[in-house]
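Since the structure comes first, as structure tokens, the remarks are kept for the end.
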Amino acid sequence: MNPHEYLVVCEGVSDFEVLKIVLTEFMAGYNKKIELVLECPALDETSGKRERGGWGKVCSWCKKNGVPQEAQMSEEERTSLTANGVNLDNLPHPTAPPAPRLETILAFRAPKGIIIHLDSDIAEQISGLDVSFTNSGTNRKEYCRDAIMTWLGMPEDRQILFVVATYCIETWFLATHDHVTDPQIFSDPVDDYEAIADVIEKLLALGYQDYTDETRNRTVDKAALTKGESKERFRRELFTVERRCEELQRVRQFFQGEYGENSL
């Protein structure tokens, strides 16, 4: 059985490992194998190591490989630039923009699709859109999804999936716990795990492995989440997590649209 290949753009290697667990389990339900190829963070050919990640790297990748920013300008924007002395002769006309590199990647490398991941806890940090998150009147997940679409210049479709975890991908691990298993953390049933802002603090209180980041803040060791007992617990409880996290349901729907009803 040949695996179905998907390219992945995400904030970090640990996020990639989480997605690998999720999608391997999902695809097994369709009696399919999946191969995920990490595009971003990029591999440093000199050191053989992955570059340092972050949401800025996702933004940069999308802008580099999507529709060129100048090709996204409206006629009104072009008229305004011309009136201010900007020479647009060498810029493509908006009705005939150059093909984005992503289209070439999908055409010539022929993966089944591409998955772009972003944690929505950085919504307030995003700039360059028409309106800031604070003034947008939308929720952080949809704002970040709109940001990816703007950077890429392309919407989601049959081959492109945006995975926006709220507040962060660690939320999915927190969703393996509840008021029954861990009443010291959850005194009452949780209505919406994606509305929990202090995810990291709760995971640390649950005893998940920690580490001190470059800003000297204590946080969860995300790499450790995808190993050992933490990984096995996540795999066992994945369908519970899916029920509790809307974004995982979106991921399921994307693959269900391609492969049909889950065989489990």
Side-chain angles (χ1 to χ4, degrees), residues 8 10-29 36 53-55 115 117-125 133 139-145 162-256 262 264:
V8 178
C10 58
E11 290 193 40
V13 175
S14 297
D15 301 298
F16 175 73
E17 294 299 328
V18 175
L19 291 171
K20 187 185 295 185
I21 295 170
V22 170
L23 298 179
T24 298
E25 291 297 312
F26 279 6
M27 289 290 278
L36 300 181
W55 74 269
I115 299 162
H117 154 264
L118 196 68
D119 282 348
S120 68
D121 58 355
I122 53 82
E124 291 87 352
Q125 301 176 44
F133 168 63
N139 64 57
R140 62 180 55 247
K141 184 162 59 176
E142 292 309 314
Y143 185 81
C144 288
R145 210 182 308 282
F162 303 157
V163 179
V164 182
T166 305
Y167 276 64
C168 52
I169 207 165
E170 290 92 332
T171 298
W172 299 350
F173 289 83
L174 186 62
T176 66
H177 302 268
D178 58 28
H179 68 293
V180 175
T181 61
D182 300 279
Q184 77 280 15
I185 303 298
F186 301 107
S187 57
D188 298 300
V190 179
D191 291 329
D192 183 2
Y193 281 84
E194 293 187 341
I196 298 174
D198 59 339
V199 174
I200 302 302
E201 290 81 358
K202 281 183 167 55
L203 287 174
L204 291 173
L206 284 162
Y208 282 81
Q209 186 171 326
D210 69 338
Y211 90 105
T212 302
D213 65 19
E214 62 276 5
T215 62
R216 298 187 178 181
N217 289 322
R218 181 170 176 252
T219 187
V220 170
D221 185 344
K222 193 183 293 187
L225 289 176
T226 58
K227 300 174 183 176
E229 175 54 30
S230 175
K231 174 182 178 179
E232 291 309 309
R233 178 190 179 92
F234 184 55
R235 287 180 64 253
R236 290 195 307 268
E237 301 294 332
L238 184 57
F239 289 100
T240 296
V241 176
E242 180 185 351
R243 189 178 72 250
R244 292 172 172 174
C245 296
E246 185 181 71
E247 192 64 13
L248 268 184
Q249 295 170 27
R250 287 187 82 255
V251 175
R252 167 77 74 186
Q253 290 167 5
F254 177 84
F255 284 91
Q256 186 169 301
N262 194 294
L264 296 181

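Numbers for residues simply follow the sequence, beginning at 1.
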Rounded to the nearest 0.5 Å, what separates atom [atom1] in [X] from atom [atom2] in [Y]?
| X | Y | atom1 | atom2 | answer |
| --- | --- | --- | --- | --- |
| Arg252 | Glu25 | CZ | CD | 9.5 Å |
| Glu170 | Ile200 | CD | CD1 | 4.0 Å |
| Leu204 | Gln209 | CG | CD | 11.0 Å |
| Tyr143 | Ser120 | OH | OG | 12.5 Å |
| Asn217 | Asp210 | CG | CG | 12.0 Å |
| Ile185 | Glu201 | CD1 | CD | 11.0 Å |

* Just one of Thr219, Thr212, Asp213 clears the side chain to side chain donor-acceptor pair (under 3.5 Å) bar with Thr215, so which one? ->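 For Thr215, the side chain to side chain donor-acceptor pair (under 3.5 Å) check succeeds only for Asp213.
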Is there a donor-acceptor contact under 3.5 Å from the side chain of [X] to the main chain of [Y]?
| X | Y | answer |
| --- | --- | --- |
| Gln249 | Glu242 | yes |
| Thr171 | Thr166 | yes |
| Arg145 | Phe162 | yes |
| Arg140 | Asp119 | no |

Heavy atoms only: give me the nearest [X]-[Y] pair and the separation to one decimal.
| X | Y | result |
| --- | --- | --- |
| Thr226 | Ser14 | CG2-O, 4.2 Å |
| Ala165 | Cys168 | CB-C, 3.5 Å |
| Lys141 | Val164 | CD-O, 3.4 Å |
| Glu194 | Cys245 | OE2-C, 3.7 Å |
| Ser230 | Ala224 | CB-O, 3.9 Å |

* Hey, is CG on Asp191 packed in by over 12 heavy atoms from elsewhere, all under 6.0 Å? ->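 Incorrect, the count does not exceed 12.
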* Crowded around Glu124 CD? As in, over 12 foreign heavy atoms under 6.0 Å? ->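 Yes, because the 6.0 Å sphere around CD of Glu124 holds more than 12 heavy atoms from other groups.
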* To do: Evaluate the criterion salt bridge (charged side-chain N to carboxylate O under 4.0 Å, His left out) for residue pair Arg236 and Glu229; output intermediate values, then yes/no.
  => CA-CA 10 Å; Arg236 290 195 307 268; Glu229 175 54 30; 3.1 Å; yes
* Would you check, one step at a time, whether the test side chain to side chain contact (heavy atoms under 4.5 Å, CB included) holds for Thr24 with Leu36? => CA-CA 9 Å; Thr24 298; Leu36 300 181; 5.9 Å; no
* **side chain to side chain contact (heavy atoms under 4.5 Å, CB included) assessment of His117 paired with Val8** => CA-CA 8 Å; His117 154 264; Val8 178; 5.6 Å; no
Can you check whether [X] reaches [Y] side chain to side chain, under 4.5 Å on heavy atoms?
| X | Y | value |
| --- | --- | --- |
| Asp121 | Val199 | no |
| Val18 | Trp172 | yes |
| Val220 | Leu225 | yes |
| Val163 | Ile169 | no |

* May I ask you to check whether Phe26 and Phe255 place their ring centres under 6.0 Å from each other? =>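 Here the rings of Phe26 and Phe255 have centres that are no less than 6.0 Å from each other.
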* Might you work through the side chain to side chain contact (heavy atoms under 4.5 Å, CB included) test for Phe186 and Tyr193, ending with a clear yes or no? => CA-CA 11 Å; Phe186 301 107; Tyr193 281 84; 4.2 Å; yes
Pairs under 3.5 angstrom only: tabulate donor-acceptor contacts from the side chains of residues 173-181 to other protein residues two or more places apart or in another chain.
unit_1	atom_1	unit_2	atom_2	d
Thr176	OG1	Phe173	O	2.7
Thr176	OG1	Arg233	NE	3.0
His177	ND1	Asp182	OD2	2.7
His177	ND1	Arg233	NH2	3.3
His177	NE2	Tyr208	OH	2.7
Asp178	OD1	Val180	N	2.9
Asp178	OD1	Thr181	N	2.9
Asp178	OD1	Thr181	OG1	3.3
Asp178	OD2	Arg244	NH2	2.8
Thr181	OG1	Asp178	N	3.1
Thr181	OG1	Asp178	O	3.4

* Asked: Is it true that the NZ or CZ of Arg218 lies under 6.0 Å from the centre of Tyr211's six-membered ring and within 45 degrees of the ring axis?
  ->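 The answer is no; the distance or angle limit is not met.
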